[in-house]
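The structure appears below as structure tokens.
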Amino acid sequence: MQEQPTQPETQAHRRVTPPAARGGPLMWLMGGALAACLVLVLGLIGLIVVRGSQTFWPKAIERVEMVAVEGGEPEVLLGRLMETDVYRPDRDERARIEALNAQGLLPQSVDPDEPLERILLQVGNREFGAAAFRWVPLYEVASRSRPENTVVLERLEWGPFIGSVDALVFDRWLPEDEALFDERPASTDIGEGVATREVRFVGGERRVLERVTVPLVGEEGFRAFEREVRSAKDRRRVIERLERGERSEVDRRIGALNMRVRRAELEREETVSDDSSMPFWLWGGTTIASIGLLFAGVRLRRSTTDPDHPGRVKPGGFLASLMIGVSLAGLFFGAVDHPWSGPSMSEERLESIRAEHASEVERLIERGEEIDARLSELRRDDARFRVIVTDARTGRFAPEEVGRPGEPMRLSQIDRAVRSNALDFSGRLGVYFDRWAQFLTDRPRPDGEGGLLSVIVGTVTLTMLLTITVVPLGVIAAIYLREYAHQGFITSVLRIAVNNLAGVPSIVYGVFGLGFFCYIVGGYIDTGPDAPAARTPWWALVGALVLAASLAITLMGAGRRIPGRPSSRAASACRIGAGLLWVAAVALVFYLVAATPYFGGFFRAEVSAGQPVFGARGILWASLTLSLLTLPVVIVATEEAIAAVPRSIREASLGCGASKWQTIRRVVLPGALPGIMTGAILAIARGAGEVAPLMLVGAVKLAPQLPVSTEFPFIHGERSFMHLGFHIYDLGFQSRDSEAAQPLVWTTTLLLIAIVLLLNLAAIVLRSRLRSRKGPAV
Amino acid sequence: MTGTATPRITRPSNGADEPELGVIEAIRAGHEVRSVIHEQVTEGDAVLNIEAFSLYYGQAQALHSVTAPVRRGKVTAISGPSGCGKSTLLRSVNRLNDLIDSVRIEGDMLLNGESIYHPRVDVISLRKRLGMVFQKPNPFPMSIFENVVYPLRIDGEKRRSVLEEACERSLKGAAIWDEVKDRLKESALGLSGGQQQRLCIARAIVADPEVLLLDEPCSALDPVATLRIEELIHEISERYTVLIVTHNMQQAARVSDFTAFMYLGRLVEYGPTDEVFQRPRLGETEQYVTGRFG
């Protein structure tokens, strides 16, 4: 007792808050969870960034001499050093190593139970049969070196070729009476060489080919080679421009002319078969009667509505609706089926069109042949410049074509020559950025190499189209659902349905998009309804539609809620009736449009020639499919943003005498805008990264044209397109050589992430601009 | 308690007498009582006539057949304990209660002789004739200028000069011009609570309302800001009819010409402010104004 302090501790001092009450363990758990998330996300992004940005760095070229194991010549490999790896050999390899150890063939004995080192070489040179990539265990390597005269040739076809540049070849065609000889010294502007002459047959003609081979030595020689590669590239550009520009323009115009004739022919067929067009007196009478009926109906309606008593519809109201409905149907009928409607293509006119087009087409074909002649001349000229690059393993040179190993490769087949071992840091940096620039600005080549311009343009266009369709649609729907719709059972059901849409697998949207947009809507645009209704029942249905709509409006007027008065049973019956009538009217509208006998499609000629325009996969349908997919995100976000606008400022606006729409437009929407933008950003990010539905509705491996152009209408919704996400899938899983494509997959992924990030950033900047202009939300 | 008692209409009590609580008891028992309305109220020219006005939230009745004229050019305070229906009554004048689906009304109000609740009445143009200021300052997230001219903007007024002139006039009218004249382009949300409330008053008077409705305009403000608003109400009352809801009896006494005392949805006593405070005809009123119940 004596040890007690002079001031005894109070109860409060002694009590310690238990850690559970402080939330200590939980806090650690939460922090840990956050850290785990960060590690996962940053790890993924970091991996993509690191791997993706490495692809274009010029890698060292290793020359590896293997030990002679099977008793033959030692194998020599030349390749790009891609990776170094430590691995544990499997049982077969262990047995092999033990056998080699026992024979004493290895430079030093290897313990097969230890981890071993190996390197991955890209040996390229696919025409010589071996795999393009080789894992080489280091114990089998006798010597490694990095010779400076080796070069990686990035070619337009067949992937890279790795070897040493030995000689340039210049060809010349001579008249056939020139003397032949086997070898003779010759001098050119890049050095001394050897000339040979031999007889070749070109298109059945006997010609003499003089071939001068100039060996390349040292730095000087490589410079000359690089110069020749550049001028070959220029020649190639000229040829490509001619092919893609004028030549394809000629083809396109011939196609368009053929279509015009086909269209005129179709029109002629219809003119012959169509016997409608009602007489003038019937048309005039119907129109005048309809207008009279309309006026009478409107007057009658004015005198029979009774706003004081909801739920009461006077018989005159129904009569007025009937009159208005019939008159509107009559007017519409008159507008569509007037006496001078119907196609009129006389036989003479068709003949003159045919004749006109025949002469035009003839002219164009001549022009095409001219261009072709020029092209083949240019190609022949280009084929005069060749290069001998030797493969280290086989000692053979790279051929022009795989089937003709005797003909050395043309210089214009080379896209870029990189002598990475001889490059200093700035030289490597130059190659690196040059490759990036090409990657971003060139069109793709069929083999998956080349640039991604089409892919980037396709992705960005798709995302833009997606944005301008989904955001207005979603925002308008959300405004109606939250602000105007009566909050009751039906709105709750709708809301649940919209939320559930977000959970439907995206491939289902793809199937739906293909079936509905491409085939049904697109086919309708192309050729009109497949089974158009006969005119009389169709018009009867138009009358029914107008009648239903007029009745619905009458019932809406009768059933409207009057604030402060209890809603009578009759009024709610009127409202339900109006709702059902509207549903029926909408269904009727769809049926009437789908079965109209008055629309024959815009592109029947194209379809009959087997080239549907909109009735096929295209960027418009892809973007509509994606907007369907992302619509729930926008609707939910917009609804929440609108609901978050405080009641007090709505009341302030209403109290100032603003109407509901003015309040929404001037107070609610500006206040909800940041939230709406957030929803739009989420939707765009989701849409830009989506691949599965695109595989069905329009993304292709290689699109012939960009979806945007300088020609009207600038954005061509019917064209197929390339997409980064699909391109990644295609490169990674569909290419012949997945090992070769792998670095490009990383880079393409990096690009996709960068584009999504950029789009998001743009939206975020826009949002913060809007925020700062309006001040913080209340 | 006398739950079965017949309604007892209390006679006027004579000041010092210990008052009976007859009216309150009757109201609590659910009986209808007749309001005591002083002659001075009914004698003058009324801008707004509330006629047998009842209001229900679903099944619950919030206002019980309130009948009261509001005198033109005067400040009329509606007072009473919480939940007595004074805010509901005020919000019924510009039909803000329409926003609530379950509300049902009986009776009518007349603004300058025109019905407010007739089904053909255009609610929007009705609200344009009334100015409203709410309990919590609720400026829009826009600039000060745009806040003040908002009622004109929604009327489609685009002429800059007209807007600027109206803005200056009503900001001066709301005694806030000197404080904000250099920062009209800045966000209104940067103002203090009292300034925001005066801005709301400026917004309410910019379109020259026939009646200015104030719904406890000082309840979210500190005493200094409250004082300024009260002074402002005084100044405004020279040009506008003001109907103010307040649960603060001292405030009612300070700012108003007439005071109505409500209890559980009934109008209990309504008369000139000094009479209601000094010579109330009902003992219950006296008890309330002296703070002995409520």
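B:M132 places none of its side-chain heavy atoms less than 4.5 Å from the side chain of A:L654. Taking 4.5 Å as the limit, every side-chain heavy atom of B:P139 sits out of range of all side-chain heavy atoms of A:I649.
Around atom OH of A:Y484, more than 12 heavy atoms belonging to other residues, nucleotides or ligands sit under 6.0 Å away. Remark: B:R72 CZ is packed, more than 12 non-hydrogen atoms of other residues, nucleotides or ligands lying under 6.0 Å away. Summarising the local packing, NZ of B:K185 is surrounded by more than 12 heavy atoms from other residues, nucleotides or ligands at distances under 6.0 Å. In this structure, B:Y57 places its OH atom where more than 12 heavy-atom neighbours from other residues, nucleotides or ligands lie under 6.0 Å away.
For B:R91, the part lying near chain A is the side chain, with the backbone staying farther off; criterion is any non-hydrogen pair under 4.5 Å. Residue contact with chain A, scored on non-hydrogen atoms closer than 4.5 Å, is absent for B:L126. At a 4.5 Å heavy-atom cutoff, the contact between B:D98 and chain A is made by backbone and side-chain atoms alike.
When the candidates B:E146, B:R153, B:Q135, B:R129 are compared by the number of heavy-atom contacts under 4.5 Å with chain A, B:R153 comes out ahead. Most heavy-atom pairs under 4.5 Å with chain A: of the set B:R95, B:R104, B:K128, this distinction falls to B:R104.
We find the CG-CD distance between B:L99 and A:E651 to be 6.5 Å, quoted to the nearest 0.5 Å. In this structure, the separation between OH on B:Y150 and CZ on A:R666 is 6.5 Å, given to the nearest 0.5 Å. Summarising the geometry, atom CG belonging to B:L130 is positioned 11.5 Å from atom SG belonging to A:C656; distances are rounded to the nearest 0.5 Å. Note that the CD atom of A:Q487 and the CG atom of B:D101 stand 9.0 Å from one another [nearest 0.5 Å].
The minimum heavy-atom distance between A:A652 and B:R203, with the atom names listed, is CB-NH2, 3.4 Å. When all heavy atoms of B:I124 and A:S659 are compared, the pair lying nearest together is CD1-CB, 3.3 Å.
In this structure, the side chain of B:N138 engages the main chain of A:S648 through a donor-acceptor pair within 3.5 Å.
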